[in-house]
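See structure below.
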Amino acid sequence: MAKAFSTRAENYSKWYNDIVQYAGLAENSAVRGCMVIKPYGYAIWEKMQAGLDKMFKDTGHSNAYFPLFIPKSFFSREADHVEGFAKECAVVTHYRLKQDEKGGGIVVDEDAKLEEELVVRPTSETIIWDTYRQWVQSYRDLPILVNQWANVVRWEMRTRMFLRTAEFLWQEGHTAHATREEALEETYQMLDVYADFAENHMAIPVLKGIKSASERFAGAEETFCIEALMQDGKALQAGTSHFLGQNFAKAFDVKFAGKTGKLEYVWATSWGVSTRLVGALIMAHSDDRGLVLPPKLAPIQTVIVPIYKNDDQYKLVCEKAAEIKKELEQFGIQVKLDDRDTHKPGWKFSEYEFKGVPVRIAIGPRDVENGTVEVARRDTLEKEVVPMDNLGERVQGLLETIQKVLYQRALDFRESNTHKVDSWEEFKRLLDDKGGFLLAHWDGTPETEQKIKEETRATIRCIPLEKSEEQGKCVYSGNPSPGRVVFARAY
RNA sequence: CGGGGUGUGGCGCAGUUGGCUAGCGCACUUGCAUGGGGUGCAAGGGGUCGGAAGUUCGAGUCUUCUCACCCCGACCA
């Protein structure tokens, strides 16, 4: 019957790969560590881009584009930054190829060596701050609120579709401000934007928090993040917002004259989310029958499948189906009428099921006669025969319901997999049992954090912003702790 | 970068004392029937067995080297 699908319980990572493959989201490419994002997967990314881009614009940001290549010397300006990224940078050393004189095909032309090597951007802080120096002279030039949609390269040893690839697509916002307060406010604002997007578009609840020093972005003063919980009990960082202080302004000498004429360094932020969100989306909602997409990010929100036995019926049913499509589109619903005669209805049902299309409408001769259609929901797999009247309204309502149900389901899952833990034994047991978020006391030292990581592979995902002040004892060392932090094994 | 594994039509695999024309499932093409949950039957097309060298009358099969990919660790969004 159905294509052999791995289940989550059997083999979670195989299940994930199967979904990516069968739903047509992406595939491996000829280049190690780099994936081809296929049209259906890219369509999801485009919907994410559209949603986020509007939110960025609504908060006063503009898009721009900076070069893919960064002079190597730029990188070494900020000490922490180089150290953080040095191990995973691709470097361009030559600019020409030539025919091998010995007949070995095309080779690098050693005469075409670059005077200064170029780093393929792993992130753009350096080139952007080198540019901002030119843009900023007075407090009147501030703030600069710029975002760019781009690809970046981080030479990863081990890669996984969408979650970690050598090249990935993302957006990176880079802002410059006159005061520390304003930059901090921006950092928080963008964190809120990300949380809003995750919860209301992706239907994934997230924890907002601060990263511990060891997990902090290289070059940042403080890193904020949103953390989501996947169905296998592992955490996934879904977005980050960094308060960069004056680190990059100092490294690139970006100063402005304040109202009193005094020269001051600019305050900075940067924030980003990547195609990793597609991975989060897959792992948050999908089931053993395939992908499940929240309506707001589904490239196809409703699919109509005609059912027929002969040409006459085909014509009759498709005509009606086209009318329905038109009606739904008037409600702003993205509809696909799959009138291909090359595939059978059952085949189509399966296909749209593992592609995660939220609502499926089947219409056959019986329906045309009775003035009904069959409406099926991807989230609950429920089917219902309903009248054709007011179908647009009904489907619109259904899509809204599905969006809510998915969020609620993900929230319930997170709630039931978040535990306060006070003993080291329980900490280890829960982690091995089912994973999830563990709220535990931590003495605040990197040493303890490191030890916990070595012994359990769990890391501090964040120090929650909405924490209840609670004195306690560190779950590992027993030393005093000012509050609980979130531990989990993570992607 | 360490440990393990796999390379055979598009995909998934079988082929293990070396032997004849390299096979199976899915997919593909054609025809007929079928059509409310991956439809059935029949007939077809498609391979220098990852690459190189070697042993041999003879290599998918044995030896050496090499490349690629996957899984598990260390590092990371």
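Letters A, B, ... mirror the listed sequences (proteins, then strands); counts begin at 1.
Within 4.0 Å of A:Gln313, counting heavy atoms only, lies no atom of the nucleic acid at all. Within the 4.0 angstrom heavy-atom criterion, base atoms lie near A:Thr165. Across all strands, A:Gln237 comes closer than 4.0 Å only to sugar-phosphate atoms, never to a base (heavy-atom distances). When heavy atoms are screened at a 4.0 angstrom cut-off, A:Leu236 is found touching no nucleic acid atom at all. Note on A:Lys211: nothing from the nucleic acid sits closer than 4.0 angstrom, heavy atoms only. Contact annotation for A:Phe168: base contact, defined as any heavy-atom pair under 4.0 Å involving a base atom.
Remark: the separation of the P atoms in B:G50 and B:U8 is 6 Å, to the nearest Å. Look at the C1' atom in both B:U63 and B:G18: the space between them is 13 Å, to the nearest Å. Here, B:U64 and B:G44 have their C1' atoms 43 Å apart, quoted to the whole Å. Comparing B:A52 with B:G9, their C1' atoms are spaced 23 Å from each other, to the whole Å. Spacing of C1' atoms, B:G2 relative to B:C11, comes out at 32 Å, to the nearest Å. To the nearest whole angstrom, the two C1' atoms, one in B:G37 and one in B:C75, are 46 Å apart. A distance of about 23 Å separates the C1' atoms of B:A14 and B:G58, rounded to the whole Å. Comparing B:G46 with B:A22, their P atoms sit 13 Å apart, to the nearest whole Å.
When Watson-Crick and G-U wobble pairs are counted only if both distances are under 3.5 Å, B:G2 pairs with B:C72. The partner of B:G54 is B:C62, by the rule that a Watson-Crick or G-U pair needs both atom distances under 3.5 Å. With a cut-off of 3.5 Å on both pairing distances, the Watson-Crick or G-U wobble partner of B:G40 is B:C32. Applying the Watson-Crick and G-U wobble criteria (two distances, each under 3.5 Å), B:C49 pairs with nothing in any strand. Under the Watson-Crick or G-U wobble criterion, with both distances below 3.5 Å, B:G23 is paired with B:C13.
With hydrogens and angles left out, the side chain of A:Arg457 and the base of B:G73 share no donor-acceptor pair within 3.5 Å. No N or O donor and acceptor, one from the side chain of A:Lys383 and one from the base of B:G36, sit under 3.5 Å apart. For A:Lys344 and B:U34, a side-chain-to-base donor-acceptor distance below 3.5 Å is present, hydrogens and geometry of angles not being considered. The base of B:G35 lies outside donor-acceptor range of the side chain of A:Asn310, with no N or O pair under 3.5 Å.
When the nucleotides B:U34, B:C72, B:G73 are ranked by their closest atom to the side chain of A:Ser13, B:C72 comes out on top. In this structure, the nucleotide among B:G37, B:G36, B:G35 sitting nearest to the side chain of A:Tyr308 is B:G35. Listed nucleotides B:G36, B:C75, B:G37 differ in distance to A:Arg289; the shortest reach to its side chain belongs to B:G37. Checked against B:G35, B:G37, B:G36, the side chain of A:Ala362 finds its nearest nucleotide in B:G36. Among B:G36, B:G37, B:G35, the nucleotide with an atom closest to any side-chain atom of A:Phe349 is B:G37.
Contact check on A:Arg216 versus A:Glu222 returns a salt bridge, with a Lys/Arg side-chain nitrogen under 4.0 Å from an Asp/Glu carboxylate oxygen.
The main-chain N or O of A:Phe217 is found under 3.5 Å from a side-chain atom of A:Thr223 such that the two form a donor-acceptor pair.
A close approach under 4.0 Å does occur between a side-chain nitrogen or oxygen of A:Asn28 and OP1 or OP2 of B:C70. Contact annotation: A:Arg154 does not reach the phosphate of B:C75 (side-chain N/O to OP1 or OP2, under 4.0 Å). For A:Arg158 and B:A74, the shortest distance from a side-chain N or O to OP1 or OP2 is not below 4.0 Å.
Cation-pi geometry between A:Lys355 and A:Tyr40 is met: the NZ or CZ atom falls under 6.0 Å from the ring centre, inside 45° of the normal.
Atom-to-atom, CH2 of A:Trp347 to P of B:G36 comes out at 15 Å; the value is rounded to the nearest Å. Taking atom CG of A:Asp338 as the reference point, atom P of B:G36 lies 14 Å away to the nearest angstrom. Atom CZ of A:Arg160 and atom P of B:C75 are 18 Å apart (whole Å).
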